2 protein chains.
Amino acid sequence: MTPDVFTTWQAYQRMRVLLNSQINRELGRSTGLSEADYDILFFLEQSAETSVRSVALRCGLAWEKSRLSHQLRRMEQRGLIEKAPGAVIHLTDRGREQIAAARDCHEAAVRRYFGDVLSAEQLAALATISDQVVARLSEDLPHHVH
Amino acid sequence: MTPDVFTTWQAYQRMRVLLNSQINRELGRSTGLSEADYDILFFLEQSAETSVRSVALRCGLAWEKSRLSHQLRRMEQRGLIEKAPGAVIHLTDRGREQIAAARDCHEAAVRRYFGDVLSAEQLAALATISDQVVARLSEDLPHHVH
DNA sequence: AGCCATGGGTTGATGTGTCAACTCGTTGAT
DNA sequence: ATCAACGAGTTGACACATCAACCCATGGCT
């Protein structure tokens with residue numbers, strides 16, 4: 001492994017671990033939602049239609065099917081979502097409240113630790129880097145993507 | 001949240017999730033080690049001294065203490081490490097074999113999906129970005145760092 | 001028609017991460 | 001010398017992720 005690849009990988013790993021644990025800790029402390037909860041609720045809220053099929057969640061979030069199934073079961077038990085026949089999921093009023101409250105907290109944390117720290121050029125560079133890596137991964141996994 | 005921050009955050013999240021799940025899947029399939037196992041073993045092997053204190057692992061990996069405790073217990077049960085009195089940890093022969101075998105697999109995956117995809121400039125830019133974000137996080141957590 | 005191959009969804013077992021509460025030894029102040 | 005405070009480490013409970021094994025409907029194929 002080339003030394004600069006190794007160095008960058010180490011730095012990236014450190015950012016990845018610390019950044020996400022910090023954001024998730026803040027989110028959990030102030031709203032009681034996990035990252036998984038947030039991702040689901042955010043996706044449901046963004047897709048304006050009242051009915052979202054399970055499979056749309058799976059593709060949109062790139063989750064394993066069993067992970068989604070377990071997560072949706074837990075979230076239904078907590079009253080955040082409802083499952084309708086036909087593998088259709090929708091937000092409950094309670095879920096809508098929670099995601100609205102959580103978004104402020106989440107976006108503030110993303111801005112504080114991420115957006116405010118990087119220049120416009122750095123943001124653009126990181127977006128390109130991410131897209132390239134994701135494209136490379138998609139080559140090897142033609143079945144998960146479409 | 002500024003649109004470009006949001007866009008970059010989304011792209012970064014996608015890379016983070018897909019890249020690490022892919023590397024961990026390959027690592028687990030071909031060696032039976034998890035990412036956590038690998039991080040511990042790698043750290044132990046790199047620090048040439050035969051005796052590594054628990055707290056060095058915690059600082060080096062930026063892990064929570066309970067996480068480390070659980071992980072070390074599980075790894076001791078599998079014969080990968082040994083705990084000596086005084087919170088001292090060392091590799092077993094078995095652990096040394098496993099990390100040697102795993103490193104090839106892990107580094108190949110990092111090169112394939114990460115190092116080979118990015119230019120030298122991109123690698124340098126990502127290292128800088130990571131360091132800046134980590135520095136920002138460290139400001140808010142003066143107690144975890146030294 | 002009958003068949004089976006595929007993919008969506010569920011479940012249970014197991015491994016992993018987090019939090020809170022606890023023990024224990026050290027340190028520092030009174 | 002006593003006591004309180006702190007940090008290292010452990011533990012138990014719980015949430016979360018992954019894997020393998022299922023069920024079931026759909027869509028070809030013969």
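Note that the coordinates shown come from a computational prediction; the quantities given were computed from them, not determined experimentally. Atom set for the values below is all heavy atoms of this structure, side chains included, hydrogens, waters and symmetry mates excluded. Every chain is numbered from 1, with letters handed out A, B, ... down the list of sequences.
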First encountered from the 5' end of DNA chain C, between A:Asn24 and A:Ser54: A:Ser54

Aromatic contact, B:Phe6 with B:Trp9 (centres under 6.0 Å): no

Nucleotide of D:dC19, C:dG17, C:dC19 approaching B:Ala36 most closely (side-chain heavy atoms): C:dG17

Below 4.0 Å: OP1/OP2 of D:dA15 and any side-chain N or O of A:Arg74: no

Residue-phosphate contact under 4.0 Å: B:Arg29 side-chain N/O, D:dT18 OP1/OP2: no

Donor-acceptor pair between B:Arg16 and B:Gln13 side chains, under 3.5 angstrom: yes

Nucleic acid contacts of residues 77-86 of chain B, taken as heavy-atom distances under 4.0 Å to DNA chain D: B:Lys83

For A:Arg14 against B:Gly60, the heavy-atom pair lying closest together: NH1-O, 3.2 Å

Phosphate OP1/OP2 of D:dC16: any A:Ser34 side-chain N/O under 4.0 Å: yes

No-H, no-angle donor-acceptor pair, B:His70 side chain to C:dG15 base, under 3.5 Å: no

Under 3.5 Å donor-acceptor, B:Thr8 side chain and B:Val5 backbone: no

side-chain N/O A:Arg53 vs C:dG8 OP1/OP2, d < 4.0 Å: no

